[in-house]
Every structure is written in structure tokens, then in C-alpha cells.
Amino acid sequence: MVKRFGEGIILAFVLIWVAACGSGATSSGSRSGDEGDPPGKDYEYLHQHNAVLLNGKTVRWPSTNVTVSGATSGAWRRAIGRWPEVNFIFVDTDAEIDLRYDHSDDWCGRADRRFDSSGMIYDCTVRISTRHERNGCGIEVDTVTHEVGHCIGFHGETHDGGVMDLTTAGSNEITTAVREMISLLYALPVGHDVTSRLTR
């Protein structure tokens with residue numbers, strides 16, 4: 001009996017101590033950005049395909065409204081508009097994303113994205129090869145979707161049979177993992193540090 005009573009005192013002390021530590025006070029080791037992070041999201045995938053570019057901080061456009069020039073065909077506009085969370089505004093010139101044809105025997109498409117040290121993307125140029133079909137690149141509009149994916153923040157390529165694979169030949173699907181990553185990216189601020197969400 002004495003043993004159980006003693007355990008009860010120890011247990012009560014532990015519960016009081018835990019409650020005191022969980023009072024909402026912050027310490028020097030806390031990361032204040034975590035509190036507003038969407039729960040249950042794949043931060044590892046976000047890090048691998050975006051935040052790795054800036055030491056764990058998100059790289060994205062400052063707004064979900066992004067201007068696009070050079071998408072003169074309806075097919076290209078539909079290919080661009082497939083991306084979630086971003087509202088593309090098509091303009092004639094001086095856009096944030098500029099699409100154009102360029103001659104290449106080596107690649108199907110290229111996206112040259114520029115961002116600053118805060119994580120803000122401020123410019124992206126997409127080039128589609130004029131030899132697209134001859135280079136065996138698959139369907140041109142899928143290449144447009146792929147390259148614009150890089151423009152809005154997707155880094156690297158996938159190996160899941162989707163449109164962000166190294167070669168989009170035969171695929172037009174934005175896979176669930178990629179779609180959810182872009183959604184998470186644009187739910188977080190520019191330059192948001194996600195390293196505390198990574199498993200160690």
C-alpha cells in the first residue's frame with residue numbers, strides 16, 4: 001500500500017511538472033514558424049523538391065497571381081492553368097513568366113528560374129525546343145506544364161510516371177505528391193524555414 005501511495009505522489013508530481021512545461025511559454029530552442037504550419041503535410045517532399053534550394057527555406061512567388069507572356073495558344077494556356085494554387089494572368093509583354101520557342105537538339109524544354117536570398121522567385125523564362133517532336137519529346141503541351149512546374153517552385157524531377165519526370169513523354173498527370181507539394185508551398189510564406197518539420 002505504501003508503495004502505491006508513493007507511486008501516486010511521483011505520478012502526480014510528474015503530471016504537474018508536464019503541465020507546467022506545456023503552459024505555452026516559449027524557450028530559446030523553439031521554432032515559432034511551426035505553430036502556423038499546416039499539419040499532416042509532407043515536409044520532407046517539400047524540402048527535397050523546393051526548400052533544398054535555400055537551406056531549408058521555401059522558394060516561391062510572393063503572390064499566387066503570376067503574370068505569363070508568350071502563351072499565345074489556347075493549348076499552352078490550358079497546359080499552364082493545370083497547376084493548382086496559382087492564378088496565371090496572361091499578358092502580352094513584361095510578364096513574370098515568359099514562354100518562347102528556342103532551337104535545341106539537346107533538350108525538349110528549359111525553365112530558367114531566378115529567386116533572391118529571401119526565397120522570392122522574381123523571374124522565369126521557359127524555352128520550348130523548336131525541334132520538340134524531332135527530339136522525341138512527347139506532347140508539347142505536357143512539356144509546357146512540366147517547365148511551368150519548375151517556374152512555380154518545383155525543383156528537380158520525379159520518378160513516379162507523372163508530368164514532372166525527367167522526360168514527360170507519355171505522361172500528362174500531375175501526381176498527387178506533386179500537387180500536394182505545390183499546395184503546401186503556397187500555403188506557407190516566402191522563405192519559410194521547414195527544417196524543424198524534417199525527420200532527423
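Note that the numbering runs from 1 along the sequence shown for the chain.
- Within a 6.0 Å radius of CG in Asn87, more than 12 heavy atoms belonging to other residues, nucleotides or ligands are found.
- Between Glu44 and Thr199, some side-chain heavy-atom pair lies under the 4.5 Å cut-off.
- Checked against Arg131 for a salt bridge (Lys or Arg N to Asp or Glu O under 4.0 Å), the options Asp102, Asp106, Asp105 give a single hit: Asp105.
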*Go through the steps for Phe88 and Trp76 under the test ring-ring contact (aromatic ring centres under 6.0 Å, His included), then give the verdict.*
CA-CA 12 Å; Phe88 297 101; Trp76 277 24; over 10 Å; no
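- No continuous path of hydrophobic side-chain contacts links Met120 to Leu46 [ILVMFWY only; heavy atoms under 4.5 Å].
- Put simply, the side chain of Arg77 gets close to the backbone of Ala71: a donor and an acceptor are under 3.5 Å apart.
- Surrounding NE2 of His103 are more than 12 heavy atoms belonging to other residues, nucleotides or ligands, all under 6.0 Å away.
- Put simply, CD on Glu140 and OH on Tyr101 are 3.5 Å apart, with the number rounded to the nearest 0.5 Å.
- Using a 3.5 Å distance cut-off with no hydrogens or angles, the side chains of Ser69 and Asp98 do pair a donor with an acceptor.
- Criterion: ILVMFWY side-chain heavy atoms under 4.5 Å apart, direct or through other members. Under it, Val59 and Val52 are not part of a common hydrophobic cluster.
- Clustering ILVMFWY residues whenever any of their side-chain heavy atoms sit less than 4.5 angstrom apart, transitively, puts Val148 in the very cluster that holds Ile139.
- Hydrophobic clustering (ILVMFWY, side-chain heavy atoms < 4.5 Å, transitive): Val194 and Val190 are in distinct clusters.
- Counting only heavy atoms from C-beta outward, the side chains of Val144 and Leu99 approach each other to under 4.5 Å.
- Looking only at distances, no side-chain donor or acceptor of Trp61 sits under 3.5 Å from a matching main-chain atom of Tyr186.
- Residues His155 and Arg113 approach most closely at ND1-NH2, 4.1 Å, considering heavy atoms.
- Shortest non-hydrogen contact noted between Glu147 and Ile128 is CG-CD1, 4.4 Å.
- Checked by atom type and distance alone, the side chain of Glu96 pairs as donor or acceptor with a backbone atom of Thr67 at under 3.5 Å.
- Expressed to the nearest 0.5 Å, how far OG of Ser183 lies from CG of Leu185 amounts to 9.5 Å.
- Residues Ile97 and Ile80 have side chains not in contact (no heavy-atom distance under 4.5 Å, counting atoms from C-beta outward).
- Below 30°, between 30° and 60°, or above 60°: for His150 and Phe154 the angle between ring planes is between 30° and 60°, a tilted geometry.
- Asn135 is not listed as a side-chain neighbour of Trp107, based on a closest heavy-atom distance of 4.5 Å or more.
- Asp123 contributes no side-chain N or O that, together with a main-chain N or O of Arg114, makes up a donor-acceptor pair within less than 3.5 Å.
- In plain terms, the two heavy atoms of Phe115 and Ile121 that are nearest each other are CB-CA, 3.7 Å.
- For the pair His132 (side chain) and Cys108 (backbone), a donor-acceptor distance under 3.5 Å is absent.
- Between Asp112 and Arg110 there is a salt bridge, with a side-chain nitrogen of the basic residue lying less than 4.0 Å from a carboxylate oxygen of the acidic one.
- Checking side-chain atoms of Asp165 against main-chain N and O of Asp160 turns up a donor-acceptor pair under 3.5 Å.
- What you find for Thr145 and Ala79 is that their closest heavy atoms are OG1-O, 2.9 Å.
- No donor-acceptor pair closer than 3.5 Å links the side chain of Thr58 to the backbone N or O of Asn50.
- Nearest heavy-atom pair, Ser117 versus Leu54, reported as atom, atom and distance to 0.1 Å: O-CD2, 3.6 Å.
- Remark: the Asp193 side chain and the Thr195 side chain contain an N/O donor-acceptor pair separated by less than 3.5 Å.
- When side chains are defined from C-beta on, Met181 does not count as touching Asp42, because their heavy atoms never get closer than 4.5 Å.
- Looking only at distances, no side-chain donor or acceptor of Arg197 sits under 3.5 Å from a matching main-chain atom of Lys41.
- Closest approach of Ser129 and Ser104 over heavy atoms only: OG-O, 2.8 Å.
- Atom CD1 of Ile174 and atom CE of Met164 lie 9.0 Å apart (nearest 0.5 Å).
- Under the 4.5 Å side-chain contact rule for hydrophobic residues, Ile152 and Leu53 share a cluster.
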